[in-house]
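Written below as structure tokens is the structure these notes are about.
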Amino acid sequence: MILITGGAGYIGSHVTLKLLEESNQKIIVFDSLENGHISTVEKLKSVRDFDFVKGDLKNPNDLEVLFQNFDIDSVIHFAAYIRVEESVQNPRKYYSNNLVGTINLLNKMLDYSVKKIVFSSTAAVYGEPKYVPIDENHPKQPINPYGKTKFMVEEILDDYDKAYGLKSIRLRYFNVAGADSKNRIGESHDPETHLIPNILASAANSEKVFNLFGNDYATRDGTCVRDYVNIEDLASAHISALKYLDKENKSDCFNIGTKNGNTVKEVFGVCEKVTSKKIKIRVNPRRDGDPESLVADNTKAEKVLNWKSSMTLNDSVRTAYNWIKK
Ligand code: UDP
């Protein structure tokens, strides 16, 4: 049985959906529902039934009950807080949940001899890019508590492998975008801080101005470059990672991106085209902590995991817009 923590959230739910549809493995979703949605769980259950447990990683007893009651043999771990700015203002919240919560999970896995985990990591582990595209050997100097918690967990996973043989695949996501192509689930954050949902919210409401942060970067049009990977492609990367763990029983880390960067203005252009709407835009000063350019060198994932990003930015914007309209 596969335990999916944070399976009611944006990325976790899309991976759960893929596993429900493409495998016959038993699944248990564990989510505090603080940021995940029960409506998402219900939607997923209509695809194929699975177990759902509401609980919190910060509470070791919730984990004890979980591992006692279910026969878990691998874990995909998404549950985490994800807002960079908030992590700077309130690091305690991030270290308690993303770090201590994850240590609780790893220790419970050891107690029950569960030795396989796919961990949701991030390009934020690299910090300010020294070169682009970024490969997995790029220096790791995260510049905010969010990125630090993810990097610390990666370090702990190394130590737990050496000492206890716990095998992990860490997937370092770049910018994730889009929704289920059949429009059953999608992205719903409160507050929403991500680029594409914010542009599309302005497309859906003509009163709402889209705020662009910074047009004085040294890029082709002055706005930040990011690598937008489609959510369904990202979900496939987790399936590949699980297969790799089962077959090779080896720990490793992989960038998950597309090798292509788009500027904020280019993304805005795609959104206007896909929605056929003229969207109101206001240029603001730079947002704190935004690196100029982040693009993944994903060669390793292609070679070792046999994974490929196949959907386009257009696909991501189209599916995200369908979801927002719904
Ligand atoms: N961005 C923007 N307006 C928004 C949200 C984001 O101009 O309402 C810019 C942001 O400054 C960054 C890029 O879009 O350059 C991607 O930001 P996002 O928050 O989606 O992802 P991040 O790269 O910060 O993880």
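FYI, side chains are in, hydrogens and waters are out, and symmetry mates aren't considered; it's all heavy atoms of this structure. Keep in mind the model is a prediction, meaning the values are calculated, not measured. In listed order, ligands and their atoms are each counted from 1.
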Using a 4.0 Å cutoff against the non-hydrogen atoms of Asn175, which atoms of ligand 1 qualify?
16 (C), 21 (O), 22 (P), 23 (O), 25 (O)

Between Tyr10 and His189, what is the ring plane arrangement, given parallel below 30°, perpendicular above 60°, and tilted in between?
perpendicular

Does Phe174 have its ring centroid less than 6.0 Å away from the ring centroid of Tyr228?
no

How many angstroms lie between CG in Leu44 and OG1 in Thr16, if you round to the nearest 0.5 Å?
6.0 Å

Atom 7 (O) of ligand 1 has as its nearest protein heavy atom Phe213 N, 2.9 Å

What distance do Ile185 atom CD1 and Ile231 atom CD1 have between them, rounded to the nearest 0.5 Å?
8.0 Å

Under 4.0 Å from ligand 1, counting heavy atoms only, is it the side chain of Thr193, its backbone, both or neither?
backbone

Ser293 OG to Tyr217 OH distance, which is reported to the nearest 0.5 Å
11.0 Å

Pairwise distance CG(Leu212) to SG(Cys224) - rounded to 0.5 angstrom
8.5 Å

For ligand 1, which atoms have a heavy atom of Asn211 less than 4.0 angstrom away?
2 (C), 3 (N), 4 (C), 7 (O), 8 (O)

Among all protein heavy atoms, pick the one closest to atom 9 (C) of ligand 1 and tell me residue, atom and distance.
Val264 CG2, 3.9 Å

Atom 17 (O) of ligand 1: which of Arg282, Glu192, Arg287, Arg286 has the nearest heavy atom?
Arg287

With no hydrogens and no angle check, just 3.5 Å: does a side-chain donor-acceptor pair link Glu85 and Thr193?
no

Of all the atoms in ligand 1, which lie at a distance below 4.0 Å from a heavy atom belonging to Cys224?
15 (O)

Below 30° counts as parallel, above 60° as perpendicular, anything between as tilted: where do the rings of Tyr112 and Phe67 land?
tilted

Decide ring-ring contact (aromatic ring centres under 6.0 Å, His included) for Tyr173 and His238; before the verdict, give the C-alpha distance in whole Å, the side-chain angles of both, and the deciding distance to 0.1 Å.
CA-CA 11 Å; Tyr173 315 148; His238 292 76; 5.5 Å; yes

If you count the atoms of ligand 1 from 1 in the order shown, which ones are under 4.0 Å from a heavy atom of Leu212?
7 (O)

Less than 3.5 Å between some nitrogen or oxygen of Tyr228 and one of ligand 1, yes or no?
no

Among all protein non-hydrogen atoms, which one is nearest to atom 12 (C) of ligand 1, and what is the separation to 0.1 Å?
Asp290 OD2, 3.9 Å

Considering only protein heavy atoms, which is closest to atom 8 (O) of ligand 1, and at what distance to one decimal place?
Asn198 ND2, 3.0 Å

At under 4.0 Å between heavy atoms, is it the side chain or the backbone of Leu195 that contacts ligand 1, or both, or neither?
both

Taking both backbone and side-chain atoms of Leu294, is any N or O found less than 3.5 Å from an N or O belonging to ligand 1?
no

Report the nearest protein non-hydrogen atom to atom 23 (O) of ligand 1: residue, atom name, distance rounded to 0.1 Å.
Arg226 NE, 2.7 Å

